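Here's the structure we're looking at; comments come further down.
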Amino acid sequence: MSTLDLGITPSQTIGPFFRFGTEWIANEDLVEEGSIGAIILKGMVYDGAGEPVPDAMIEIWQADKNGKFPPNTVESWMGFARRLTDSSGTYTVRTIKPGQVPASSGEMQAPHIFMVVFARGLLKPVFTRVYFGDESLSNANDPLLTAIDDESARSTLLAVLEGDGSYRFDVRLQDSPKGQQTQFFLFDE
Amino acid sequence: MASGIILAKPQSEEDPPYHYPAYKSTALRGPNRAPLVIRPGETELHSPVFGEGRIRSNDNDLTAQHAGEPIGEKIVVSGRLMDSKGRPIRNQLVEIWQANSCGRYAHALDDHPAPLDPNFTGGGRTLTDGEGNYRFTTIKPAAYPWGNHPNAWRPAHIHFSFYGTAFTQRLITQMYFPGDPLIESDPIANSIRDKKVLNRLVSSFDWDLTIPGTALGYRWDIILGGPNPTPEAL
Ligand SMILES: [Fe+2]
């Protein structure tokens, strides 16, 4: 019924004291250590002074290696992880590179992970996408990355392959001495 | 921009802004560069399935997690989780966390000198049923002071976390209690500038939810925004 358009429940901050309510699921990885294709995604959350944010909650959500989501994937595939940043503002999660999934236009997108960050001082969350810096070919054809004209904003969306084989993706809530603010997104309804 | 993935659309005026000076912590944490409004892709239009196996039967009774009964006013909080068209969001995770009946959190960094209750941790979770309904049994949390400004007090509230059928519907918010005089002076509540929208966070007292001789009842329904889910996800 088009007449039924209900008022959306608004957002409020997660506050500082959420650990005892949210940590029950905050230690699971997406894949086990030693799994084929396992990668480590890690990074830090920084505020506008360039200080680490030790009380953020990060969630990631992604397709499996074939670009599928539950329930259309193997049962063990959760596709989701939650992390509470530690006292140094760091998060670490073991996952795999997701397969490619289409944009709303039907065009294939480069592999990416969806990320949401909550924190005290954020009255609503920030949403971003984690792309992989070593996927230059698919990144060069990604409908979103190619639509962002600002090169420095685009580069905030790329996880950097480190010497130890892990991918580093920092979240900068504002411009700071640690770099330009991460590009965040809202979604058309 | 041939694909039209980025849209020139203003943000919703209903949600709080990232910057709200009366809530001091927004100054260094709220983004200054505007988010891009984009059309969601397949990832954003799907959402995790948490499943029965992760939730224990008493995880939605915060008064039954310890050997003894917690101190305070026992309450039932129940309601329905829906999308913007009023369709129920079924079998989805709902989590809560809250202060105890003295206004103290079971968190190492809460330095409010109100007593901890050894029989109350204050975290709970459940899955919505086939009609989108959730239900918690808990203790009514108390107001607590905080350092935002002189004599600042948070109104009594329960923190709630929701998922929809699309990850773009993800919501964390706070439920308030009807008639609380502290709501009017609370910067976090009033970051929602339209009183009619703020009122959506205030539960209503509901005789039908009371348990005679045991618990009072509060009803609170939730409407998740965000894009309509894909037919596949329904
Ligand atoms: Fe709180």
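Predicted, not measured: the structure shown is a model, and the values here were computed from it. Quick note on labels: first sequence line is chain A, next is B, and so on, each numbered from 1.
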Side chain, backbone, both or neither of [X] within contact of chain A (heavy atoms, under 4.5 Å):
| X | result |
| --- | --- |
| B:E95 | side chain |
| B:L93 | side chain |
| B:A27 | backbone |
| B:L109 | both |
| B:S161 | side chain |
| B:A34 | backbone |

Note: vs chain A, highest number of non-hydrogen pairs under 4.5 angstrom among B:M82, B:R154, B:R54 is B:R54
Which region of [X], side chain (C-beta onward) or backbone (N, CA, C, O), has a non-hydrogen atom less than 4.5 Å from a non-hydrogen atom of chain B, or is it both or neither?
| X | value |
| --- | --- |
| A:R129 | side chain |
| A:P16 | backbone |
| A:Q62 | backbone |
| A:F118 | side chain |
| A:V116 | side chain |

If the contact rule is any heavy atom under 4.5 Å from chain B, which residues of residues 18-32 of chain A qualify, in numerical order? A:F18, A:R19, A:F20, A:G21, A:T22, A:W24, A:I25, A:E28
For chain B, which residues from residues 42-55 of chain A lie under 4.5 Å away (heavy-atom distances)? A:D47, A:G48, A:A49, A:V53, A:P54, A:D55
